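Report on one structure; see the data block that follows.
For clarity, every value in this text was computed on a predicted model and none was experimentally measured.
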Amino acid sequence: MKKNLGFTLIELMIVVAIIAIIAAIAIPSLLRSRMSANEAGAIGSLRTISAGEVSFQAACYQDADGDGVGDYGTLAQLLNPDGVAGVPGYIDEVLAAGSKHGYNFTLNAVAGGGGAPATYTCNADPQSPQSGRRTFFLDETGVIRFENSGAAATAASTPLG
């Protein structure tokens, strides 16, 4: 009498069903944790930009009105403050390109002049709905603000606690 070795079709279907159930439970958790990591990375990048802007202004690499008070820099200027690569940058090449951790960074620096102080704003927006839910905003105050609604964060948005 010959004995069959192996699995029956029913046993294989049960194993596949169990794997599918485990995947259905694990994949959403993985995506949520990846989103949280992207948002944390974006917040860290905004903190790096804030520190870089303070240092750039204090070093007075740019002073459009010549009043002795430095202006803020763009992402490219934060990467290469003196313009000749003689001084180490305040941010890395990836962030200077405007995209990191699944977020796009937009920095607008406004030179001071005519009695108006220098200012800057920086927005961090997710590249796709899978890279993050929140949008972020930073200005010369150094306070990071966010929006959960999908709208761009502004100076009136909720401060990050």
How is the hydrophobic cluster of [X] composed, in terms of its other members, when Ile, Leu, Val, Met, Phe, Trp and Tyr link through side-chain heavy atoms under 4.5 Å apart, directly or indirectly?
X: Val15; value: Ile19
X: Val69; value: none
X: Leu31; value: Ile27
X: Leu9; value: Met13

**Study point:** Pro28 and Arg32, any side-chain heavy atoms less than 4.5 Å apart
**Key:** yes

Exercise for review: Go through the structure and list residues passing side chain to side chain donor-acceptor pair (under 3.5 Å) with Thr141, not counting sequence neighbours.
Suggested key: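 Listed in chain order: Asp139.
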
Review point. Got a sec, which residues hit side chain to side chain donor-acceptor pair (under 3.5 Å) with Arg145, two or more places apart in sequence or on another chain?
Key: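 Arg145 satisfies side chain to side chain donor-acceptor pair (under 3.5 Å) with no other residue.
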
Practice item. Search all heavy atoms of Gly73 against all heavy atoms of Ala109 and return the closest pair with its distance. Key: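 Scanning both residues completely, I find the closest heavy atoms to be O-CB, 3.8 Å.
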
Practice item. Sequence neighbours left out, what pairs pass ring-ring contact (aromatic ring centres under 6.0 Å, His included) with at least one residue falling in residues 98-127? Key: Tyr72-Tyr120, Tyr103-Phe136

Review point. Which pairs with one or both residues in residues 74-98 pass ring-ring contact (aromatic ring centres under 6.0 Å, His included), sequence neighbours excluded?
Key: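 As it turns out, there is no ring-ring contact (aromatic ring centres under 6.0 Å, His included) pair with a partner in residues 74-98 once direct neighbours are skipped.
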
Check your understanding: What residues, two or more places apart in sequence or in another chain, satisfy salt bridge (Lys or Arg N to Asp or Glu O under 4.0 Å) together with Glu147?
Key ->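 Testing Glu147 for salt bridge (Lys or Arg N to Asp or Glu O under 4.0 Å), a comparison that skips the adjacent residues, returns none.
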
**Study point:** Residues that Asp92 engages under salt bridge (Lys or Arg N to Asp or Glu O under 4.0 Å), provided they are two or more places apart
**Key:**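 With sequence neighbours excluded, Asp92 shows a salt bridge (Lys or Arg N to Asp or Glu O under 4.0 Å) to Lys100, given in chain and number order.
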
Point to revise | Residues that Ser33 engages under side chain to side chain contact (heavy atoms under 4.5 Å, CB included), provided they are two or more places apart | key: Leu30

Please list every donor-acceptor pair under 3.5 Å in which a side-chain atom of residues 43-50 meets a protein atom from a residue at least two apart or in another chain.
{"unit_1": "Ser45", "atom_1": "OG", "unit_2": "Gly41", "atom_2": "O", "d": "3.1"}
{"unit_1": "Thr48", "atom_1": "OG1", "unit_2": "Gly44", "atom_2": "O", "d": "3.0"}

Check your understanding: For the side chain of Asn38 and the backbone of Ala42, is there at least one donor-acceptor N/O pair under 3.5 Å apart?
Key -> no

